[in-house]
Amino acid sequence: MQKDLNNLVQSALVDISVTDSTAQLYELRVSILGKSGSITNLLKGLREFSGEQRANLGKVVNDAKVMLENAFDTKQTQLKLKEINQSLQAEKLDLSIERPLKQVGASHPVTLMSNRIVQFFVKLGFTVYHSPEIDTEYYNFEALNVVADHPARDMQDTFFIDDTHLLRSHTSNGQVRAMQSVKPPFSILSPGKVYRADQPDATHSPQFHQIEGLVIDKNLSMCDLKFVLENFAKHIFGQTTSIRFRPSYFPFTEPSVEVDAQCKCNDGCKVCKGTGWIEILGAGMVNKKVLENCGISSKVYTGFAFGIGVERITDIVNGIDDMRILFENDIRFLSQFVNCV
Amino acid sequence: MKLLMSWLNDFVKVSDDVTVLSKKLANIGFEVEDIINAGAITNVVLGKICGIHKHPNADRLVVCDIDVGDKKLKIITGATNVSVHDFIPVALDKAVLPNGKVIKCGELRGVESQGMLCSKDELGLSDSVEDGIFILGNDKFAFALGTPISLVLGLDDYILDIAVPANRSDCQSVFGMAREIAALYNKTVKVPSLDYKTTSTTLITPSINVDFSVCNRYMGQVIKVEKNTVPRMIAHRLKKLGVNVYNSIVDITNYVLIETGQPLHSFDLSSVKDGISVSCGHKEQQVLALNDKNYCIDDSTVVVGTPSKVLAIAGIIGCKEGATQKDTQNVFLEAATFSRSHIRRCGKNLGLRTDSSSRFEKGVSFFSVEFGLKRALHLIDKFKMGSICKIGNVDRFKQKPKKISIVTSDSEINSLIGIKIPQKQMVKILTSLGFLVTVNKQSIKVEVPQWRVDIENFTDLSEEIIRFYGYDKLDSKHSNFVTKCIGQQGSYYENRVRLSNILIAHGFFETITYSFVDSSCFKKMGIKDSTVKIKNPLNMQQDSLRDQLALSMLNTIKTNLNRKNKNLALFEFAKTYTKDTENNYIERNMLCIAATDRDFFEIKALCMSLLGFERCDFSASIVPYFNPYSSVDIALNDQFYGTVGQIHPLILDNFDIDKKVVLAEIFVDDILFSIRKDIQFVPISKYPTVERDLSIIVKNSIAVGDIVHLALRTCEFPTKITLLDIYKGEQVPSECKSVSLKFELKADKTLTDKEIANTMNNVLLTLQENFDAKLR
């Protein structure tokens with residue numbers, strides 16, 4: 001019997017080692033350790049023995065059984081790992097494939113820039129104030145010290161609706177309405193569409209967006225204005241940007257300035273025309289007459305105001321060299337602003 | 001304003017290069033938009049004649065050997081004043097002369113000429129063509145042969161094209177700019193000479209009648225013309241600035257206009273012998289102006305004329321009748337200032353803007369009239385172009401403007417500017433600009449020079465001071481106003497971003513289009529035109545303010561499809577403009593959504609999601625550009641919010657769009673300006689949701705929405721019903737459809753099988769009763 005057992009174990013170990021699939025291994029296991037397997041049969045044959053011999057033989061067979069079970073388990077683990085690897089290999093992905101996400105849309109770049117500008121000034125304490133696009137000559141011109149025959153009315157060729165109404169040529173009409181209804185001190189922001197009778201070209205459009213800022217308080221000076229605008233320029237163009245003021249003329253401010261931001265180029269580029277400076281907006285101290293026109297005492301209060309052309313800033317920031325593309329709405333253009341804030 | 005540097009030099013000497021000057025001018029508020037080289041001579045060099053030979057084929061021509069330093073040339077000329085050893089200007093191949101003429105090598109009667117010898121006239125130095133070749137000398141010369149001729153003759157000159165601010169009418173002239181530039185360089189400006197002699201003549205001075213409501217000052221002078229031409233220097237300057245030379249008096253009026261900014265006009269004295277009147281109220285008539293065009297004047301046009309004739313449209317243009325001719329013997333020279341508003345309005349009505357009218361529009365001061373006239377008379381006298389008649393002058397005005405003086409203080413000015421500019425500095429700047437300043441301890445009294453009509457109060461003075469002191473000296477100090485107010489973005493921006501984000505997540509791109517549309521396109525849209533009109537549109541394609549956004553949206557879709565862009569999904573936030581019954585203009589915020597490859601139900605669901613209503617009322621839409629069978633109006637509590645639907649195929653045809661378009665227009669003021677509503681948490685049910693499906697067969701005409709609404713009302717537990725499928729075909733009669741619905745029943749307890757079965761039975765019974773539904 002001992003001999004039979006040894007032969008059986010030897011041949012079983014050989015069989016296990018040559019098995020190369022879990023299914024074969026299972027069959028082998030059943031044929032040796034199953035209900036009518038060879039080891040099980042050997043154990044059954046122990047009945048023919050008795051006493052101490054039976055106990056000794058039993059222990060030997062049982063040891064062999066445990067040994068074989070371990071051998072099966074080890075082999076099973078090996079084969080399973082091998083088979084999983086094979087199946088993973090079979091399902092190997094072509095990692096080079098790029099499948100696009102479901103297309104998401106985008107805000108228009110001018111909207112994005114408007115929001116960015118508004119958010120900056122709101123942080124500085126400005127409150128958004130809406131005003132109409134169809135307004136009267138009074139709000140668009142007269143109250144702003146642009147009297148009937150003022151040459152400045154030529155500076156901004158205006159679209160007229162009827163004898164008294166026009167499409168606002170700037171968001172400064174909001175200035176007047178705010179001054180007449182809000183008690184100083186205040187800082188307001190008047191954003192929206194404005195209209196000028198300009199033929200569209202690379203830098204002109206009959207319709208564009210403006211964001212007007214107005215601050216009324218005691219003891220404001222041009223240095224306050226410079227502080228606000230310098231921080232604005234840094235917010236939009238980067239922390240190292242500086243600004244400069246150039247004298248200019250607007251009927252509603254005195255003194256009036258054009259504000260330039262430093263160009264990022266080192267040696268002159270198309271945007272700054274080689275000057276190193278880019279014109280970004282107009283500003284100034286609110287004209288005394290405008291304050292008085294709007295019922296604010298110019299003896300007590302001073303103010304400053306600025307008007308930002310959103311398309312202009314968008315063009316500079318996004319490297320757009322022709323403003324007209326903003327109004328074409330070609331999705332190959334619009335989709336470049338996916339995932340922008 | 002075009003500033004000729006050599007002319008500026010008469011009043012102030014600038015040693016800086018023109019580019020440096022331009023930068024400095026920008027700092028004081030005058031942007032130089034262009035620098036034009038007015039020398040305008042290229043490839044013309046100094047040469048020397050080394051030999052003269054006969055031309056083999058032409059008696060009147062000679063062939064000259066010319067030394068231009070680095071090479072020898074053969075040049076043919078017909079001039080007779082040249083001799084060997086003469087130094088002459090030589091135009092080389094491809095030379096450009098001041099009149100724009102380009103010289104090229106070429107054959108002259110069979111002999112090649114490698115350039116051209118130039119006359120004074122050809123170099124723009126003389127009016128006469130008979131001068132012959134310009135002989136520069138014939139012995140020794142300080143310049144090497146081949147030196148550019150502009151360097152030899154000092155012909156380098158530049159024109160600065162300056163943007164003069166609208167309030168600085170005093171700087172629309174050479175002398176006006178000279179004043180600013182002198183202050184900039186701390187120099188004294190040389191005031192133009194104004195003196196002249198008068199002579200006694202028998203010429204009669206016309207009587208003058210002026211309507212002072214349209215003309216503040218009218219001056220004139222009778223002149224007997226002695227010479228027909230102006231000195232070469234004057235003609236030369238005018239030519240450089242593109243002004244044609246005509247005759248002495250007309251040229252002087254042009255010259256003085258450029259130099260002093262004062263427009264002048266000259267009449268033939270014989271045509272004004274009946275007197276001159278400046279007035280409006282003339283009958284409607286055509287007049288032939290000096291530019292050979294006819295203009296129609298009416299009773300609002302300010303006219304200079306005699307009782308019977310119109311001689312000039314005041315301040316804008318003269319008429320052919322009464323104009324000075326080349327050979328006019330006696331003239332009446334007019335200098336005046338007309339009301340800005342009249343000039344502006346007349347010019348606009350006539351569609352005419354001249355050098356003169358643009359000056360008047362910006363404002364010509366009372367004192368400029370006298371200054372300009374006297375300057376003209378000085379030049380006429382100095383260059384003996386005419387005799388100034390002793391008693392032939394007139395000066396009519398109602399009232400001299402008062403002198404303006406401003407009392408302020410350095411602290412008042414500094415508080416506006418924000419830095420401490422020393423009082424001494426302020427006085428220095430103001431004085432250099434012609435202000436008379438008296439300092440009395442703290443206060444400063446400033447008398448404004450008569451030409452500065454733009455200065456009214458201390459803020460104007462502050463600007464004068466800071467623009468010369470330097471804006472770069474302003475601090476950017478942290479201001480305490482910043483912390484005073486808490487900024488409010490307001491609900492509009494919050495809601496707009498919120499709505500946009502929903503649309504963006506669904507793949508939509510935002511567009512921005514013009515608020516104006518083409519009224520002729522309303523027909524294409526099948527709608528009546530009741531839009532607000534623009535009185536002065538840029539073109540007829542932009543004559544109306546839109547009352548809907550669909551037109552612009554369809555145009556955008558068309559543009560994109562033309563460019564082969566596919567799968568369009570677009571939205572636009574914009575205003576619509578209408579007029580109410582009381583003629584008030586109404587602006588309403590609208591959202592337009594459109595897509596080419598999405599179905600109606602998706603856009604409808606998107607609209608509902610954007611509106612944020614739990615339920616709303618749908619009714620068939622009658623908006624003409626929608627397909628009537630696949631469009632609905634959206635309303636809630638009788639308020640109309642908009643329409644969603646497919647665009648009518650005939651409308652798409654009109655736009656040449658070959659894709660189906662689903663479009664929605666929603667009025668969004670309520671939503672954009674709604675105040676944020678905070679979500680109130682609802683506890684999550686501890687009990688499971690029960691799902692049951694129900695399939696029924698109903699007539700095609702029964703609306704699924706009606707079935708769902710009725711079913712919802714029948715369920716006794718809170719239920720969500722979703723449409724799974726609509727099936728037509730086998731096993732369903734052709735006039736019927738099979739509708740499959742999913743019911744999700746919720747309750748605050750675990751529902752028993754019996755309760756569920758009862759509910760579903762009730763639903764089926766009700767549907768059978770109301771819609772003749774059969775269980776499938």
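First the proteins, then the strands, lettered A, B, ... as listed; each starts at 1. In this text the structure is predicted, and so the values were computed from the model without any measurement.
Between atom CE of residue A/M222 and atom CD1 of residue B/I419 there is a gap of 10.0 Å, rounded to the nearest 0.5 Å. Within the model, atoms CG of A/L225 and CG of B/L474 stand 8.5 Å from one another, a figure rounded to the nearest 0.5 Å. In this structure, CD on B/Q489 lies 5.5 Å from CD on A/Q119, to the nearest 0.5 angstrom. Atom CD in B/Q488 sits 13.5 Å away from atom CD1 in A/I188 (nearest 0.5 Å). Of the inter-residue distances, the one linking B/I486 atom CD1 with A/F126 atom CZ reads 15.0 Å to the nearest 0.5 angstrom. Between A/D330 atom CG and B/T511 atom OG1 the span is 12.0 Å, to the nearest 0.5 Å.
Ring geometry, A/F327 versus B/Y514: the interplanar angle falls from 30° to 60°, so the pair is classed tilted.
Side-chain atoms of A/S221 and B/L416, non-hydrogen and from C-beta on, never get closer than 4.5 Å to each other. Looking at A/V128 and B/Y492, their side chains never come closer than 4.5 Å, going by heavy atoms from C-beta outward. Side-chain contact check for A/L334 versus B/E510: every heavy-atom pair is 4.5 Å or farther apart. In this structure, the side chains of B/I534 and A/L167 come closer than 4.5 Å at one or more pairs of heavy atoms. Between A/I134 and B/I586 the shortest side-chain heavy-atom distance does not fall below 4.5 Å. Under the 4.5 Å side-chain criterion, counting only non-hydrogen atoms from C-beta, A/F159 is in contact with B/L538. Using a 4.5 Å heavy-atom cutoff, the side chains of A/H130 and B/F673 are in contact. Annotation: side chain of B/V497 is not in contact with side chain of A/S107 (no heavy-atom distance under 4.5 Å).
For B/F509 and A/H108, the ring centers are positioned 6.0 Å apart or more.
Only the backbone of A/F186 has a heavy atom closer than 4.5 Å to any heavy atom of chain B. For chain B, the nearby parts of A/S335 are the backbone and the side chain; heavy atoms of each come within less than 4.5 Å. Heavy atoms of A/D162 lying under 4.5 Å from chain B belong to its backbone as well as its side chain.
With salt bridges taken as basic N to acidic carboxylate O contacts below 4.0 Å, one links B/E456 and A/K289. A salt bridge between B/E587 and A/K193 is absent, with no side-chain N of the basic residue lying under 4.0 Å from a carboxylate O of the acidic one.
Side-chain contact, A/Q207 with B/S515: a donor N or O sits under 3.5 Å from an acceptor N or O. Checking B/N565 against A/R332 by side-chain atom types alone, a donor-acceptor pair falls below 3.5 Å. Of the N and O atoms on the side chains of B/Y577 and A/E133, at least one donor lies less than 3.5 Å from an acceptor on the other residue.
Shown here for A/K102 and B/A505, the closest heavy-atom pair between the two residues is NZ-O, 3.8 Å. Of all the heavy atoms in B/Y585 and A/I161, the pair that sits closest is OH-CG2, 3.2 Å. The two residues B/K535 and A/D163 make their nearest non-hydrogen contact at NZ-OD1, 3.1 Å. For the residue pair B/T559 and A/E328, the shortest heavy atom distance occurs at CG2-O, 4.5 Å. Closest of all the heavy-atom pairs between B/G29 and A/P247 is N-CG, 3.1 Å. Counting all heavy atoms, side chain and backbone alike, B/Y471 lies closest to A/K226 at O-NZ, 3.9 Å.
Among B/L545, B/V532, B/L503, the residue with the largest count of heavy-atom pairs under 4.5 Å with chain A is B/L545. The greatest number of non-hydrogen atom pairs below 4.5 Å with chain A, out of B/G418, B/G507, B/P165, is found for B/G507. Each of B/D472, B/I512, B/T459, B/N539 has some count of heavy-atom pairs under 4.5 Å with chain A, and the biggest count is that of B/I512. Chain A forms more heavy-atom pairs under 4.5 Å with one residue of B/K575, B/R496, B/R467 than with any other, namely B/K575. Contact count versus chain A (heavy atoms, under 4.5 Å) is highest, among B/N27, B/I343, B/N501, B/D460, for B/D460. Most heavy-atom pairs under 4.5 Å with chain A, from the set B/R345, B/E572, B/R563, B/K533: that is B/R563.
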